[in-house]
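Down below is the structure, laid out as structure tokens.
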Amino acid sequence: MLMVGTVSVSALAAVGMSMQFMMIVNVLMTLYVIGGNALISRFIGQGRKKRASALLFGLVIFAVILAFFVTIGGYFGSTHFYAWMGATPEVVEQGSIYFKILSLGIVVIFIDNLLYNALSAAGDTKSSLYIKLLSAALNAFLNYVLIFGHFGFEAMGIEGAAIATVIAYSFNVVAYYILIKKMNSKLDFLPIVRIKDLKRVWRVGWSAALDRGISSMSFLVFVSIITAYGTADLAGYQVGLRIEGIAFMPGFGFAIAAMALVGQNIGARDFDKAYNMGIISGRMAYTFMGTMGLFMILFPEFLVGFFTKDAITIAIASKYLILVGLAQIPLAIMFVYSAALRGAGATKTTLKINVASLWFFRVIPSYIAYKMGFDVVAIFAIMNIETLIKGTIYWYIYSKREWLYTKV
């Protein structure tokens, strides 16, 4: 996104809006990833590697089949997605080019997400981290080559950014496969499809997918409210969100660790340790994210300057960063504790919390603020208040410990 920002504001907004569409795609991945994570971690905790490996094989087959239908919908519906969001004609044109190419790589995106979470559920988060870092470096290099045209390649603009992304995901899949097939791996591909285990995955996954689906639609409505303010406001929000994503990284990492460790210890019937693993992960997460939040508050213009040189976009993104910097600690608590609940299979609880919080404390108040003529900064403030409320709710639910005994 940093390099796309130098192409044009429309290209920047188009790539940013694609993140919202990928949230919808993530709904379908959640159907098998969250339930698979919860069940694989329990099998590993019980010392049943073969059972976990058979489940992984079955989930890969399911992911490939599901990806085929998503590819068709994404490729032929990309233009309509952007138009529905109220984007300008320039953003629609750029976004359609980008998302069509991205849709052709959906199968590797699906498998990448599955294998990454499966390895994390098995406790191998370090190897996954190294692969992600190499992938990020590869993606950045290919962006430089394909967007601007270097080393004999022609400048492809936003099209080059999409191709670079698909290649990076493909690299991930190959790396994960090699890692899983090596000796002494905690997982393997055992070519047995156990329908019973897949049903258990879907039983946990459907509520997580519904949660992600409603949340994604809520975010789309929320972004459409920001879009109504204009392209510059939208671009500012997207740049700020991408920078905030840097702070997300440790938070997501500790959330994934909490999900795996909680699931493994529940599988081993050590409930106190499962609870404590979430507490420790939470402390580490809000320490890292709180520190990143401080940087966002103190140096917003400096950070935004890496992504765009447009003065209006810089001003809006800077205001966004100052506000979200204040909310990084409750956001970290929300990340880790919600992940711990999902690792225990308590996806119905997270569904209720997320849907109620997003609509009653974010989407509806934001719409009212827009209609009343408030500035876009007011929308950012409402978003932060909702994060604080949700983080408090998750802290309360987690401390009650009832979720530890969820049946999967």
Side-chain angles (χ1 to χ4, degrees), residues 13 15-31 33-34 70 73-74 77 80-87 95 99 113 205-229 233-238 240-242 244-245 248 251-252 255 320 323-324 327-328 330-339 341-342 346-372 374 376-394 397:
V15 173
M17 290 181 73
S18 73
M19 295 168 60
Q20 312 305 321
F21 302 139
M22 287 305 296
M23 289 172 62
I24 298 177
V25 174
N26 285 337
V27 172
L28 299 175
M29 289 193 284
T30 302
L31 183 63
V33 166
I34 297 298
V70 176
H80 302 292
F81 293 156
Y82 282 91
W84 177 75
M85 285 288 292
F99 205 71
N113 199 284
W206 77 263
S207 51
L210 184 61
D211 174 6
R212 185 68 64 85
I214 296 176
S215 297
S216 296
M217 292 303 297
S218 303
F219 279 117
L220 286 175
V221 174
F222 179 72
V223 173
S224 68
I225 294 172
I226 296 175
T227 303
Y229 281 94
D233 296 272
L234 174 62
Y237 166 73
Q238 299 294 357
L241 186 63
R242 181 57 64 94
E244 188 188 10
F248 285 178
F252 279 134
Y320 175 89
L323 287 170
V324 298
Q328 290 305 298
L331 186 63
I333 292 173
M334 182 193 76
F335 279 167
V336 173
Y337 288 176
S338 64
L341 264 64
R342 293 188 183 100
T347 51
K348 291 181 181 178
T349 300
T350 58
L351 167 65
K352 295 173 184 176
I353 295 172
N354 290 340
V355 171
S357 179
L358 277 172
W359 278 96
F360 289 113
F361 302 126
R362 179 180 296 200
V363 176
I364 294 176
S366 294
Y367 179 76
I368 293 173
Y370 168 70
K371 285 296 185 180
M372 291 180 66
F374 283 92
V376 71
V377 176
I379 308 301
F380 299 157
I382 290 170
M383 179 185 71
N384 282 5
I385 293 171
E386 187 268 335
T387 298
L388 176 61
I389 293 172
K390 191 187 296 183
T392 304
I393 293 172
Y394 270 115
I397 295 295

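For the pair V223 and L234, the minimum side-chain heavy-atom distance is below 4.5 Å.
The CD1 atom of I333 sits 12.5 Å away from atom CD1 of I393, with the distance rounded to the nearest 0.5 Å. With rounding to the nearest 0.5 angstrom, the CG atom of N26 is 6.5 Å from the CG atom of N113. To the nearest 0.5 Å, the span separating OG1 on T347 from CG on N354 amounts to 11.0 Å. Distance check, rounded to the nearest 0.5 Å: CG of L220 to CD1 of I225 gives 11.5 Å. Going from atom OG1 of T387 over to atom CG of L331 covers 5.5 Å, rounded to the nearest 0.5 Å. Put simply, CZ on F222 and CD1 on I226 are 4.0 Å apart, with the number rounded to the nearest 0.5 Å.
I382 and F361 get closest at one heavy-atom pair: CG2-O, 3.5 Å. For the pair A339 and A255, the tightest heavy-atom approach, listed with the atom from each and the gap, is CB-O, 3.3 Å. Shown here for A369 and I379, the closest heavy-atom pair between the two residues is CB-CD1, 4.0 Å.
For F380, the ring pair (Phe, Tyr, Trp, His ring centres under 6.0 Å) test picks out Y320, with sequence neighbours left out. For S366, the side chain to side chain donor-acceptor pair (under 3.5 Å) test picks out no residue, with sequence neighbours left out. Residues forming a side chain to side chain contact (heavy atoms under 4.5 Å, CB included) with L341 (at least two apart in sequence, or on another chain): A346, T349, T350, Y394, I397, Y398, W403. By the side chain to side chain donor-acceptor pair (under 3.5 Å) test, S215 is found to be paired with D211, residues two or more places apart in sequence or in another chain being considered. The ring pair (Phe, Tyr, Trp, His ring centres under 6.0 Å) search around Y229 returns Y370, not counting sequence neighbours.
Legend: salt bridge (charged side-chain N to carboxylate O under 4.0 Å, His left out) pairs involving residues 353-364, not counting sequence neighbours, sorted by first then second residue: R362-E386.
Of the options L323, V363, V324, L358, a side-chain contact (heavy atoms from CB on, under 4.5 Å) to M383 is made by V324 and by none of the others.
Side-chain N or O atoms of S357 include none that pairs as donor or acceptor with a backbone N or O of I353 at under 3.5 Å.
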Going through the checks in order, is the side chain to side chain contact (heavy atoms under 4.5 Å, CB included) test met by L388 and N384?
CA-CA 6 Å; L388 176 61; N384 282 5; over 6 Å; no
